[in-house]
Amino acid sequence: MRLLLVEDTPELARSVLRFLRAEGHAVDHAPDAATATEAMAVADYACVILDLGLPDGSGLEVLKARRRAGDRTPVLIATARDQISDRIAGLDAGADDYVVKPFDLRELSARIRAHARRAQGIPETRLQLAGLEVDRAAGRIWQQGQEIRLTAREWALFDTLLGARGRVLPKPALEDALYAFDTLVEGNAVEVYVSRLRQKLGPGVIETRRGLGYVVP
Ligand code: CA
């Protein structure tokens, strides 16, 4: 993965760079806010590790400017242990997560992988939503430890929505999921299956966006 480390403390930067490069990542290093802003504008990073206290400004301003420009790159802010206000400000400014200094490099690496995977649309296989526990790889769902059984078509529709979690999918995209079963899909099939899924999964799992489609928020 191509990563950007924004960090002005030379020893810390060196150890993080050494660790992440040894793991096979291509890591660029920006020691100040100006370099970071330019690098993020030019290159396409899988994840950015962003220190907040930089010699020429705040990492927070870098982040805000990139988010304003529509940049959705996953950003992990690195904050000091006692700076809870920094974490909140960072998350409010659009950071995806934070790590507390001094951080464990293996933990940093695991978080980078998780956020990069999410951003690439490769979701984690096990997830929780609206009181449900879902294992996408196994195609199984539980509610309070009780397994909920879905038909293959119900699962196909639900899994398609999960894969696009947070994005509204229009009806045709969902019809495609049902077409995979190689039978004729009737005009109201999506509505029918969504309604069955709601009966099984409960409210708040699949939302309707009138005129646009459906979304798992
Ligand atoms: Ca610093």
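For ligands, and for the atoms within them, numbers begin at 1 and follow the listed sequence. Atoms considered below: every heavy atom in the structure, side chains included; atoms not considered: hydrogens, waters and symmetry mates.
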K.L.:
Enter the distance from Arg87:CZ to Asp97:CG here, rounded to the nearest 0.5 Å.
P.N.:
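Going from CZ on Arg87 over to CG on Asp97, the span is 11.0 Å.
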K.L.:
Can you confirm whether the side chains of Thr208 and Arg198 place a donor and an acceptor under 3.5 Å from each other?
P.N.:
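Looking only at side-chain atoms, Arg198 and Thr208 do form a donor-acceptor pair, the distance falling under 3.5 Å.
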K.L.:
What protein atoms of element N, O or S are positioned under 3.0 Å from the Ca ion (ligand 1)?
P.N.:
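Listed by chain and number, the atoms are Asp8 OD1, Asp51 OD2, Gly53 O.
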K.L.:
Do we see a donor-acceptor contact under 3.5 Å between the side chains of Tyr98 and Asp86?
P.N.:
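Their side chains do not contain a donor-acceptor pair, so the 3.5 Å distance test is not met.
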K.L.:
Provide the closest heavy-atom pair for Ala78 versus Asp51 in the form atom of the first, atom of the second, distance.
P.N.:
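For Ala78 and Asp51, the tightest heavy-atom pair comes out as O-OD1, 3.9 Å.
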K.L.:
Provide the closest heavy-atom pair for Ala33 versus Asp56 in the form atom of the first, atom of the second, distance.
P.N.:
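For Ala33 versus Asp56, the nearest heavy atoms are N-OD1, 2.7 Å.
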K.L.:
What I want to check is whether the side chains of Arg153 and Tyr193 have a donor and an acceptor closer together than 3.5 Å.
P.N.:
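Yes - a donor-acceptor pair under 3.5 Å links their side chains.
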